[in-house]
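Sequence lines set the chain letters: A, B, ... in the order given, protein chains first and strands last, and positions in each chain run from 1. Below, each value reflects all heavy atoms present in this structure, side chains not excepted, and no hydrogens, waters or symmetry copies.
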Amino acid sequence: MIELSGITKSFNSGKSNQFTAVDNVTLVVNPQQITVFKGPSGSGKTSLLTMIGCMARPTSGRIFLRGVAAAVPFQQDGVEVVEITSLPERFLNDIRRSTFGFIFQQFNLVKGITVLENVMLPAYPTGEGRADFRARALDLLEQFNIARLSGQRVELLSGGELQRVAIARALINNPSIVIADEPTAHLDTKLSQEFMAIVGRLKGEGKSVLIASHDPIVFDSALVDSLVEMRDGAVINSRSCR
Amino acid sequence: MKRAVERHLNILEFTLASLLRRKAKNLSLLAMYLLVIFILASLLFFVTGLKREAAVILNDAPDMVVQRLVAGRQDLVPDGYAAEIAAIRGVTAVRPRLWGYYYDALNGANYTVMAGDDTTAISEKATIGAGVAKVRNLAVGDLLPLISYDKAPLLLEISAIFPSASNLVAADMIVISPVDFQQLFNFPSGQATDLAVTVRNAKELPTVAAKIAARFPDSRPILKSEIQRTYQSVFDWRGGMTLIILASSLLSFIIFAWDKATGLSAEERKEIGILKSIGWETSDVLLLKFWEGLVISLTAFLLGVILAYGHVFFLSAPLFAQALKGWSVIYPDFKLMPVVDAYQLAVLFFLTVVPYTTATIIPCWRAATIDPDAAMRY
Amino acid sequence: MILQPAALALQLIALLVSAMGLYAGYYGIRILGRWDPASGSEGQLELERRTYLVSTIMSYILSFELMSLFLFIYTADDLHSLFTGAMCAAGTLAVNSFGYPALLFKIVNFLLAGVWLIVNHADNRGYDYPLIRVKYRLLSLIVPLLLLESGLLFAYFDGLKPDIITSCCGSLFSHESRSISGDLASLPHLPMQIIFFSGMAITLASGLYFYSRGRLAYLFSAAATITFLIAVAAILSFISLYFYELPTHHCPFCLLQKEYGYIGYLLYATLFGGAVAGIGVGALMPFGKVGSLARIIPVIQRRLTIIALVNYLLFTLIVVWTMVFSALKLS
């Protein structure tokens, strides 16, 4: 479970061009569900997801993560809730690496290296043995029916293939939460539907999925458990779809 | 522990792949780096080689040479000095030496002319260095005509040519008999250019020198150790001077390296952004950059040193031999003994890799601290 | 002034280290002044990023200091032939009064930089930057010492005037004949052997006790520190004699020469490594109670203890080995 309380993120604070991307958001995201953040671009959904995903720290407010303590070796025993906003970058990063998988709007694959290497990339700095994560990466490629592409460079792939590589990469460190930012923005209807099917499968495996999107295929999908509507950095409506 | 090693290996592997992916950029950096290391390594090898060569030559020099000064200038030493010095306790032998320079108007070269021992040097015969033989196109048995002080020709038959192993000293040498020497230069008899003094116990050298200086206030005793020291100092000084002159090239290289490291291409910036967004931490990227610098440095270092080795020891350093050896027209044609030790390599490392590394610390850190969420804002 | 390439390299390193030290120190002071971990403001994020830069710089300073320490000794050795009476590095360093202080500060700065990195390592394990102030106060202490070391090094090389032949006369008579004492004062070897081996034994015993029981860390750290000093004195007093197989040559530097198989590098590496780790155990002790570090510090300390013990043990083994197999027997 993720709890946000009074989260604010402002940029260029103290200067004339100061603006507030996220304004005093308080919210609870339930585990093992699909939560969609809906809103026009600039509404603050991406910024909110970066803070939940331990990529950026809020200017003020608190974020609590429950059930990730196992991933945080320094914590005292028996502490289930981690307050992440005051953690230094290296700890945020530890949590992020083990808890979150990310799927980006542009896929953000590294050009010039193979599909397999791209999928393995997030595991490099974890210190895990190469053979171990390589096996896992091949397994993921198999699951997404792209094993035959493993030796190809990513420049040569189609949009649908790129998307599956990006999803495989997000899953390499076996995260419990997957965050996707406008995942269908560059996909046609068929591929968007395929994406939602994969998301459904992830939910079935017990993962929480957080998606920022203004695509009706995403937010109108029957798979979605709760919908958070945002505008101008604030949550204007938050409801369960069940 | 094992995890830390794995992390290094994984990141190193990615580093190598990244370097190969950006060949053009890295090759230009490598070329500059290589050039700087090559030049500095050649310089160090060359100076060290010369130092060693000089040391070898000086091993055969007399323990002490006594000169005479008149009005602060070197003057001839009367034979009487030799006899008196020979009487000093501890002195085993005093040998008056006759030597001077002969200017050959034919080709503008200066020869060193020495009188050999009476026993070895036969009248009207000469032993010459390979350099002289080359400029005058002479072989054993040929005649070498010299013009003596009164413009009368002096014909000498070449009896031998010094082997090229002793080239650095002997290239410009002509050894003739004392009689011919006196005739050639109108050198007054009963005098010598200087005296070579041999002392039984090397520890007594300073004492003997002090006695000579006391007995003959116009004499200047010079010990072999002092000459060795002076040579070493002169070579060090030349090496250091050249290094300071080269410092500007070193500096411009450092600026170049800084610029390369700072001017991350948009592509690279994006890539680091991606790495950070998918879970690489600042220190992971710093490690990536550290390995990158190390791989480039070591490649450049290794190649530069190998090239310099060939340049100095096989090709006799054509690039700056003239500047550093500082010899005259007869330029000794010799090969340095190949010697490279860890010390030279360490000095070279400190002059090149360390400044390079320092120059890249801040740019690397800047690159490594790109916001992880930057990748989401494209 | 001396223009030897190695001397120039050392002065270049001194400049670089000073510049890096000043840069790190400047940001250290800024961090001390404006640090506010509770804030997520851009200013704070920027400072947190700077901490990465400062630690990177410090690890480079540490390695440069270590490498240049050996280069310095080696260069002093190389230059000895320029000075009448100097037989090796010991003589060259004594040519003017800046040589030994420069060496001393190089060693001190190496040890301090090592301790700083240990504290930094511990701090990085705590999730609330527990030692940030300690760390940057220590840094602001180290920076002036780095500058002092560079100053001494420059003064030393500036004051080196080789005894070369001048135009008027041979060098011996150009000035008052001065004699450089290459001999270092050394303590009698028999008592020194007893002190050295007892020091090592006490360090080992207290280290093992601390490792198994987790108590008396200060005792171990103090023992390791004092034993480091004793070991240096012991090298001067008797260890060097066994290596040189000469009853009178006490030089601590010739050990680094090829003639003795470069054994000095191993000896000093183990000694310095052990000392940094041993001092580090004590340096971390005051912070064992800091909340976020309560579980981490003991782990680091035990690891450091092992490192220190292994290093010291290796050092002692080399010494014992040499004493047994040396042709020299001191009565």
For this session: With side chain to side chain contact (heavy atoms under 4.5 Å, CB included) as the test, would you mind laying out the steps for B:Phe14 and A:Ile113 before giving the verdict?
Result: CA-CA 10 Å; B:Phe14 184 70; A:Ile113 59 175; 4.0 Å; yes

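Residues B:Glu281 and A:Arg97 share a closest heavy-atom pair of N-NH1, 4.2 Å. The nearest pair of heavy atoms linking B:Ile274 to A:Arg169 is CG2-NH1, 3.8 Å. Nearest heavy-atom pair across A:Arg96 and B:Lys276 is NH1-O, 2.9 Å. The shortest heavy-atom contact between B:Ser277 and A:Phe104 is OG-CZ, 3.3 Å.
Other residues, nucleotides and ligands place no more than 12 heavy atoms under 6.0 Å from the CZ atom of A:Arg231. With a 6.0 Å radius and a threshold of 12 heavy atoms from other residues, nucleotides or ligands, B:Arg7 has its CZ atom above the threshold.
Rounded to the nearest 0.5 angstrom, A:Lys111 NZ and B:Arg21 CZ are separated by 11.0 Å. For the atom pair CD of B:Glu13 and CE of A:Met120, the computed distance is 7.0 Å after rounding to the nearest 0.5 Å. Considering OG1 of A:Thr50 and CG of B:Asp371, their distance stands at 9.5 Å, rounded to 0.5 Å. Remark: A:Asn173 CG to B:Ile278 CD1 distance equals 9.0 Å, nearest 0.5 Å.
Interface remark: A:Arg130 contributes backbone and side-chain atoms alike to the contact with chain B (heavy atom separation under 4.5 Å). In this structure, the portion of B:Leu275 lying under 4.5 Å from any heavy atom of chain A is its side chain and not its backbone. Looking at A:Leu109, the atoms closer than 4.5 Å to chain B (heavy atoms on both sides) all sit in the backbone: N, CA, C or O. For A:Phe133, the part sitting under 4.5 Å from any heavy atom of chain B is the side chain, from C-beta outward, and nothing else.
Ranked by heavy-atom pairs under 4.5 Å with chain A, the first of B:Leu287, B:Thr282, B:Leu20 is B:Thr282. No other option in A:Ser47, A:Gly129, A:Cys54, A:Ala123 has as many heavy-atom pairs under 4.5 Å with chain B as A:Gly129.
Checking each of B:Ile11, B:Asn10, B:Leu288 against A:Pro125 for a side-chain contact (heavy atoms from CB on, under 4.5 Å) leaves exactly one that passes, namely B:Ile11.
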